[in-house]
Amino acid sequence: EEALKVFMKADQTDPDKKEIMYELANCYMETDATDKAVKILERMTLLFPKEPYSFLDLGIIYLTNKLYKNGLDYFMAALELEPDDPDIYYNIAVAYSETNQDNLSVDIYMKALLRNPELVVDFWEYGNLLLDLDISTEFKYEILSFGAEYGDVKAKEVLEGNLWLGEEE
């Protein structure tokens with residue numbers, strides 16, 4: 001709350017300074033004042049149209065509020081500006097998963113993994129999409145092998161036969 005006061009005061013002094021606007025929006029997001037965060041972030045997209053993270057944060061807000069189409073629109077705008085950011089790919093994958101587009105979700109998620117292999121842990125924490133996907137067992141094992149290589153315990157357990165992949169014998 002102290003940080004919020006500091007950034008609100010700084011925003012009054014210099015209302016169009018990117019760093020202050022971004023920190024103030026983050027403070028509002030953390031205090032669940034997302035309507036205020038949205039206003040700031042939307043203003044930032046106009047003032048700083050080449051700054052991907054205001055688009056990303058807007059997408060996250062919409063995703064959190066189950067407005068998946070809006071979230072995807074902002075994620076895609078962020079991706080155009082920063083095509084190698086794994087966090088953008090990850091959020092797109094989550095949005096696709098939430099809208100039951102699991103195959104698209106996995107495709108995008110794999111792009112995130114290629115950019116940051118440590119995201120494999122988030123894949124499991126997000127609800128283990130892998131078990132319900134309409135993809136081949138071979139592809140599931142490919143994803144698991146990728147995860148196991150980077151130390152994911154659940155991926156290793158599946159590869160060792162301790163967990164079920166959901167495939168019929």
Side-chain angles (χ1 to χ4, degrees), residues 3-4 7 18-135 139-155 158 166:
L4 180 59
F7 288 114
K18 179 172 56 174
E19 294 79 11
I20 293 171
M21 293 173 72
Y22 192 73
E23 291 300 330
L24 184 57
N26 281 326
C27 287
Y28 282 133
M29 287 167 56
E30 289 175 14
T31 60
D32 291 327
T34 54
D35 55 328
K36 292 179 181 179
V38 166
K39 286 180 184 177
I40 292 170
L41 292 167
E42 284 178 345
R43 192 169 97 214
M44 286 183 70
T45 63
L46 297 174
L47 292 172
F48 312 105
K50 295 189 188 293
E51 172 60 49
Y53 300 105
S54 51
F55 291 97
L56 176 61
D57 283 350
L58 278 165
I60 291 169
I61 289 171
Y62 286 117
L63 182 68
T64 303
N65 289 297
K66 301 181 191 290
L67 298 168
Y68 305 117
K69 165 96 174 75
N70 297 31
L72 273 170
D73 289 345
Y74 281 107
F75 293 144
M76 294 304 186
L79 188 62
E80 282 184 33
L81 297 169
E82 192 66 51
D84 289 323
D85 188 314
D87 293 328
I88 297 171
Y89 282 99
Y90 177 77
N91 282 289
I92 292 170
V94 170
Y96 280 142
S97 174
E98 289 292 334
T99 56
N100 297 316
Q101 299 178 68
D102 291 336
N103 288 334
L104 269 175
S105 178
V106 169
D107 181 50
I108 298 297
Y109 182 75
M110 291 303 289
K111 291 178 181 180
L113 278 180
L114 291 172
R115 287 159 176 82
N116 180 3
E118 292 176 8
L119 285 173
V120 74
V121 174
D122 293 329
F123 189 64
W124 290 105
E125 289 174 0
Y126 184 64
N128 202 357
L129 283 171
L130 192 58
L131 298 180
D132 298 324
L133 292 178
D134 184 25
I135 56 176
F139 187 57
K140 289 179 183 181
Y141 275 105
E142 185 179 324
I143 295 171
L144 289 165
S145 296
F146 193 87
E149 185 177 332
Y150 288 92
D152 185 85
V153 174
K154 287 184 184 177
V158 172

Working to the nearest 0.5 angstrom, can you tell me the gap between [X] [atom1] and [Y] [atom2]?
{"X": "Asn91", "Y": "Ile108", "atom1": "CG", "atom2": "CD1", "result": "12.0 Å"}
{"X": "Asn70", "Y": "Ile61", "atom1": "CG", "atom2": "CD1", "result": "11.5 Å"}
{"X": "Tyr74", "Y": "Asp57", "atom1": "OH", "atom2": "CG", "result": "12.0 Å"}
{"X": "Ile92", "Y": "Asp107", "atom1": "CD1", "atom2": "CG", "result": "11.0 Å"}
{"X": "Thr64", "Y": "Glu98", "atom1": "OG1", "atom2": "CD", "result": "10.0 Å"}

Partners passing side chain to side chain donor-acceptor pair (under 3.5 Å) against Asp87 (at least two apart in sequence or in another chain):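 If we apply the side chain to side chain donor-acceptor pair (under 3.5 Å) test to Asp87, skipping adjacent residues, there are no hits.
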Under a 3.5 Å distance rule, please check whether Ser97 uses its side chain to pair with a backbone N or O of Ala93 as donor and acceptor.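 Between the backbone of Ala93 and the side chain of Ser97 there is no qualifying donor-acceptor contact (under 3.5 Å).
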Between Tyr90 (side chain only) and Asp85 (backbone N and O only), is there a donor and an acceptor less than 3.5 Å apart?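 Judged by distance alone, no pair lies under 3.5 Å.
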Taking the side chain as C-beta and beyond, is there a heavy-atom pair between [X] and [Y] under 4.5 Å?
{"X": "Phe48", "Y": "Lys50", "answer": "no"}
{"X": "Thr99", "Y": "Leu104", "answer": "no"}
{"X": "Leu63", "Y": "Phe75", "answer": "yes"}

Please find out if less than 6.0 Å separates the ring center of Tyr22 from that of Tyr53.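 Tyr22 vs Tyr53: aromatic centres not under 6.0 Å.
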Under the side-chain contact (heavy atoms from CB on, under 4.5 Å) rule, what do Leu47 and Met21 come out as? Steps first, then yes or no, please. CA-CA 11 Å; Leu47 292 172; Met21 293 173 72; 3.9 Å; yes
Pair Lys69 + Asp73: basic N to acidic O under 4.0 Å: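 Answer for the salt bridge query: yes.
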